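Okay, structure first, notes after.
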Amino acid sequence: MNKKLPIGIFDSGIGGLTVVKRLNQLLPGEKIVYFGDTARVPYGTKSADIIKQYAMQITNFLIRFDPKIIVIACHSVSSLGTQFLESRFSGRTFIDVIEPSVLDALRFTRNKRIGVIGTPATISSGMYPSIVRKIDSEVQVYQKPCPLLVPLAEEGWFDTDVTRAIISHYIDELLDKQIDTLILGCTHYPLLEKAIRKVVGSSVSLIDASGATGTKVKQILETKGLLNTKHSKKPVPVLYFSDLPEYRGQIMSRFWNRKDLIIKKVRLGEDPDV
Ligand code: DGL
């Protein structure tokens with residue numbers, strides 16, 4: 001396989017840019033092709049069948065670029081669709097955001113009590129506790145779906161009184177269980193990190209999937225001899241979206257306020273304008 005091939009990455013919408021940003025910092029020589037399904041977001045309140053179907057359509061789009069690896073930035077898809085994608089696209093390498101976050105959380109926890117917050121789809125999949133149990137059966141996992149946090153992040157209400165009150169409403173019961181580590185199990189939650197930190201205090205470790213996932217992608221590319229370090233000019237990430245209303249552009253700048261990104265619109269099922 002050619003090192004110069006891009007890394008494919010996708011999410012239900014704009015939130016996955018938290019992962020693209022981290023990957024781009026960590027691997028500046030890599031070409032990145034991103035797809036955000038802004039026409040059909042949110043996924044976190046949809047059924048497993050629909051989420052899998054959407055994930056398959058997106059993967060079919062991304063493989064036109066022959067990516068050397070595909071990163072599933074969305075926690076809802078990672079929870080419900082990773083095995084499905086691996087079986088449908090055998091021979092392709094997928095990296096989800098669940099396992100890297102779990103491994104990071106296990107490194108941080110001292111009292112073996114971990115909290116997980118995420119969308120209703122992610123939490124009801126039970127994927128986080130199941131992966132934790134496989135690695136360390138002594139660890140207790142306490143979960144909480146937090147459906148109001150995605151709209152707060154998209155509105156830019158990162159650290160307001162209302163935001164902290166809602167976070168408290170969700171997280172207090174996890175704190176009552178004496179968790180010492182909290183997995184931010186959704187693409188949007190890193191944007192609310194400041195407010196979450198104020199609610200949980202300084203003794204709880206916060207795990208942001210983008211860091212751990214970026215490191216895993218780097219390790220896998222290194223192991224496979226596919227890391228592209230020779231670059232005369234740093235490639236600019238190419239971002240495809242299934243819809244681009246004006247309002248989404250404003251939201252996007254909250255996730256990554258960078259002006260030189262290449263942004264394109266594509267409807268799944270039609271040829272991309274590349
Ligand atoms: N990207 C989704 C996730 O990480 C959050 C937004 C949505 O519900 O689609 O689960």
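Start at 1 and go down the list; that is how both ligands and their atoms are numbered. Bear in mind the structure is a predicted one, so any value in this text is a computation, not a measurement.
The residue among Tyr43, Tyr54, Tyr189 with a heavy atom at the shortest distance from atom 7 (C) of ligand 1 is Tyr43.
The closest protein non-hydrogen atom to atom 8 (O) of ligand 1 is Gly44 N, 2.9 Å. For atom 10 (O) of ligand 1, the nearest protein heavy atom (residue, atom name, distance) is Ser76 OG, 2.6 Å. Looking from atom 1 (N) of ligand 1 to the surrounding protein, the closest heavy atom is Asp11 OD1, 2.8 Å.
For the 3.5 Å distance criterion, the side chains of Thr109 and Asp180 qualify, holding a donor opposite an acceptor. With hydrogens and angles left out, the side-chain atoms of Thr213 and Ser210 include no donor and acceptor closer than 3.5 Å. If you check the side chains of Gln83 and Arg88, you find no donor sitting under 3.5 Å from an acceptor.
Short contacts between ligand 1 and Val41, defined as distances under 4.0 Å to a heavy atom of the residue, involve ligand atoms 9 (O).
Every N/O-N/O distance between Thr45 and ligand 1 stays at or above 3.5 Å.
A distance-only check finds a donor-acceptor pair linking the side chain of Ser242 to the backbone of Thr38 [under 3.5 Å].
Ring geometry for Tyr43 versus Tyr54: interplanar angle of 30 to 60°, hence tilted.
Within the structure, ligand 1 lacks Gly15 among the residues with a heavy atom less than 4.0 angstrom away.
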